[in-house]
Amino acid sequence: MTDRPPLIALLTDFGTTDAYVAAMKGVIHTLAPQAHIVDITHEINPQDVRQAAYVLLTTCPYFPLHTIFVAVVDPGVGTERRAIAASCVHGRFIGPDNGIFSYVFTGNPATALVEITNPAYILKRRSNTFHGRDIFAPAAAHLANGVPLDALGPAAAEVAALPPPRLEIAKGHIKGEVIYIDRFGNAVTSVGSLVWNGETHLTLLPRFGASTHPTRFTTKARVSIGSVVVRGVRPSYGHVAPGTLLALVNSAGQLEVAVNQGSAAQILGIAVGDAVSVRLE
Amino acid sequence: MTDRPPLIALLTDFGTTDAYVAAMKGVIHTLAPQAHIVDITHEINPQDVRQAAYVLLTTCPYFPLHTIFVAVVDPGVGTERRAIAASCVHGRFIGPDNGIFSYVFTGNPATALVEITNPAYILKRRSNTFHGRDIFAPAAAHLANGVPLDALGPAAAEVAALPPPRLEIAKGHIKGEVIYIDRFGNAVTSVGSLVWNGETHLTLLPRFGASTHPTRFTTKARVSIGSVVVRGVRPSYGHVAPGTLLALVNSAGQLEVAVNQGSAAQILGIAVGDAVSVRLE
Amino acid sequence: MTDRPPLIALLTDFGTTDAYVAAMKGVIHTLAPQAHIVDITHEINPQDVRQAAYVLLTTCPYFPLHTIFVAVVDPGVGTERRAIAASCVHGRFIGPDNGIFSYVFTGNPATALVEITNPAYILKRRSNTFHGRDIFAPAAAHLANGVPLDALGPAAAEVAALPPPRLEIAKGHIKGEVIYIDRFGNAVTSVGSLVWNGETHLTLLPRFGASTHPTRFTTKARVSIGSVVVRGVRPSYGHVAPGTLLALVNSAGQLEVAVNQGSAAQILGIAVGDAVSVRLE
């Protein structure tokens with residue numbers, strides 16, 4: 001497909017009420033007018049690098065391999081933290097070196113990694129507070145135009161890494177934590193990625209945590225969260241009555257606690273970081 | 001125009017805080033990189049199929065005829081509800097068969113209707129909980145690439161239908177309900193679609209409800225909502241002083257109760273479903 | 001670049017919960033299917049023309065010169081206020097003549113200005129309440145297709161102007177006001193645009209206010225806001241400890257009061273319009 005336009009995907013904590021994201025898009029459209037731009041989300045909680053890392057991990061596999069991901073959750077902007085560009089099996093990644101890419105790179109190591117320092121690819125009037133506009137957006141646009149990754153600056157050593165979410169697997173027992181709560185109040189846990197085997201069994205291929213040993217258990221497992229125990233893992237929300245609590249494997253392969261047509265987070269008072277345990281059967 | 005890019009319009013209740021919409025877009029960009037994607041809204045109230053049906057009804061006429069609409073408000077995902085694709089005079093429509101298309105199809109019957117079952121056009125690793133990403137987005141992308149509608153699966157019978165909003169027309173009197181409240185607090189009613197005749201008269205061409213008999217009345221009609229009566233129907237918000245209540249014909253042709261530069265919903269405590277009546281003059 | 005697609009940038013107070021913006025996009029895609037559309041923001045406070053004018057001022061310089069800006073914050077829709085199209089050094093601008101473009105045009109006078117009246121470029125079924133869809137979006141699409149600006153209607157005199165934000169410069173003292181509070185709770189002031197000179201000095205090139213005399217002062221200046229005095233102007237947020245108040249020059253060149261990884265607006269109880277003063281050193 002010779003005429004496939006370049007694709008740049010943006011992930012930030014800038015919100016869309018202000019025009020910060022728009023300024024980044026203006027820069028991209030100026031430098032790479034053919035590029036398509038897609039928003040992953042701009043509603044990452046302010047400065048929550050870990051939330052951004054998780055969202056990027058579960059979203060980037062659905063994008064084409066030629067995607068250039070720009071991720072800017074950047075509390076250290078204007079300090080010594082590096083600006084980096086990297087590539088891995090899922091595409092190219094541009095942003096601050098603060099761990100935002102570390103969940104993606106855990107299973108898919110970066111095959112190239114540079115520090116963005118070449119002034120030819122940075123806006124001339126560069127601010128101290130908005131590298132999304134002045135460094136990251138231009139870098140993405142130049143890559144979209146065919147500039148090779150290693151032209152952006154010198155090769156860099158390892159990226160900064162975030163601590164992984166809690167995930168401990170013992171015989172008959174898995175301990176994890178809530179890592180994300182979505183708009184519907186569904187509580188996504190660190191227990192994953194889970195694969196269904198036929199109708200009655202699950203296999204856990206740990207995405208986070210030290211062990212890579214697959215753990216097989218039945219859908220009769222009991223999930224404890226807060227003071228509540230949910231019996232069994234269901235295929236989808238509509239398999240219980242409206243208003244009823246359930247556990248399921250969500251669309252990212254993570255164990256999720258939800259309420260059909262309701263908010264589990266609200267009803268149970270769950271927050272990110274709360275402990276979850278699974279007693280296998 | 002031989003090089004007009006395909007257009008895919010998305011309507012969901014997923015919000016834009018999470019990356020669910022982004023995953024759908026990633027799938028579309030992967031399969032149909034030339035397509036343009038446009039968001040209708042992703043802020044439908046969770047699981048509110050009826051609200052989605054109304055928004056789709058009033059928005060789709062403004063899109064080009066080659067648009068592929070993907071509408072996903074889908075409380076029944078992963079259960080027996082069908083995934084469908086259809087075409088009508090306004091374009092092609094893809095989503096769950098739960099009534100979401102029934103307001104559009106009321107005046108514009110589907111000319112083709114299939115159940116999406118062909119595995120060639122569904123993602124291989126299909127989840128039980130996210131058919132927007134795994135079934136509907138791929139179907140839209142394949143249509144954008146020129147796959148014919150009937151390749152997606154077998155012809156289907158009637159789509160599921162929602163009950164229409166309340167609209168009763170008697171001599172000298174119209175009874176309806178509030179069907180939508182917008183960001184400005186404007187209360188959109190089921191009374192429409194209304195056409196201005198010169199300066200002083202309105203004709204009601206019922207969009208909902210059994211009667212299709214046009215009803216003609218003057219702009220001196222009195223509109224009752226809650227405990228308030230508004231005298232007269234105005235051309236626009238700025239025709240009354242700021243802070244003043246008015247009735248007008250909105251941009252979708254529906255009777256609307258509003259406050260100039262204020263929120264009618266807040267001031268009057270109006271909610272969707274509240275009764276509205278119009279006494280004709 | 002002969003195949004650079006036209007670019008239309010949208011700025012409104014419509015929000016993205018309703019489908020008003022989508023209807024505008026549908027009209028643009030219908031008339032100018034090749035155009036790329038980009039959102040500046042749709043979350044301008046309802047009817048806040050001044051906020052929109054400021055956002056447009058600071059964002060438009062980052063867009064390509066061929067951009068067509070459509071700005072619709074339009075409390076006077078359906079009254080006698082004119083619909084206008086204009087061009088200046090930053091691009092072409094379409095919207096209501098209510099002052100929304102006056103901040104952009106202050107330093108960059110309009111080189112062409114017309115009233116949009118030509119029915120050939122207005123939707124046939126034009127509403128009284130939604131000129132964004134019926135007048136402004138079609139005008140932008142036709143310009144994108146190559147229609148010249150002066151085909152949209154007759155030449156118009158001066159645009160409506162908003163009062164500029166407060167900015168008074170005396171010897172040793174600058175008085176201004178808070179003009180914008182962003183998602184992070186950063187309080188942007190009317191004091192700008194500021195240029196860093198080496199490490200220790202700032203020059204104020206007044207963007208608003210009568211004086212155009214540059215004012216030079218050191219980064220030791222003291223900024224007063226509410227009952228608080230902040231000592232010194234820092235390069236970026238991360239130059240103070242998390243939770244600490246600071247003053248800095250933001251990415252638009254305006255003096256800003258912020259809290260590193262916190263919300264200055266919340267902590268100090270600051271609102272738009274609050275007085276700010278800078279005592280120079």
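Here is the naming used below: chain letters follow the sequence lines, and residue numbers restart at 1 for every chain.
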**Request:** Please work out which of the three classes, parallel, tilted or perpendicular, describes the rings of C/His36 and A/His29, given edges at 30° and 60°.
**Result:** perpendicular
**Prompt:** Which residues, numbered in order, of residues 231-245 of chain C come under 4.5 angstrom of chain A by heavy-atom distance?
**Reply:** C/Pro235, C/Ser236, C/Tyr237, C/Gly238, C/His239
**Request:** Taking heavy atoms only and a threshold strictly under 4.5 Å, list by residue number the residues of residues 258-267 of chain A that touch chain C; give 'none' if the list is empty.
**Result:** none
**Complete:** Assert top hit (heavy-atom pairs under 4.5 Å, partner chain C, pool A/Ala19, A/Gly26, A/Ser127) equals A/Gly26
**Close side-chain approach of A/Thr16 to C/Asp39, heavy-atom, < 4.5 Å** = no
**Prompt:** Can you say whether A/Ala32 sits under 4.5 Å from chain C via the side chain, the backbone, both, or neither, judging by heavy atoms?
**Reply:** neither
**Members of residues 136-153 of chain A whose heavy atoms come closer than 4.5 Å to chain C** = none
**Request:** Using heavy atoms and a sub-4.5 Å threshold, report which of residues 53-78 of chain A line up against chain C, by residue number.
**Result:** A/Pro75, A/Val77, A/Gly78
**Complete:** Under 4.5 Å to a heavy atom of chain C? For A/Arg133 that would be side chain
**Prompt:** Out of curiosity, A/Asp13 CG to C/Phe184 CZ, how far, rounded to the nearest 0.5 Å?
**Reply:** 4.0 Å
**Request:** Please state whether the side chain, the backbone, both or neither of C/Ile181 comes within less than 4.5 Å of a heavy atom of chain A.
**Result:** backbone
**Request:** Nearest 0.5 Å please: distance from the OG atom of C/Ser251 over to the NE2 atom of A/His131.
**Result:** 10.0 Å
**Residue C/Leu7 versus chain A: region with a heavy atom under 4.5 Å** = side chain
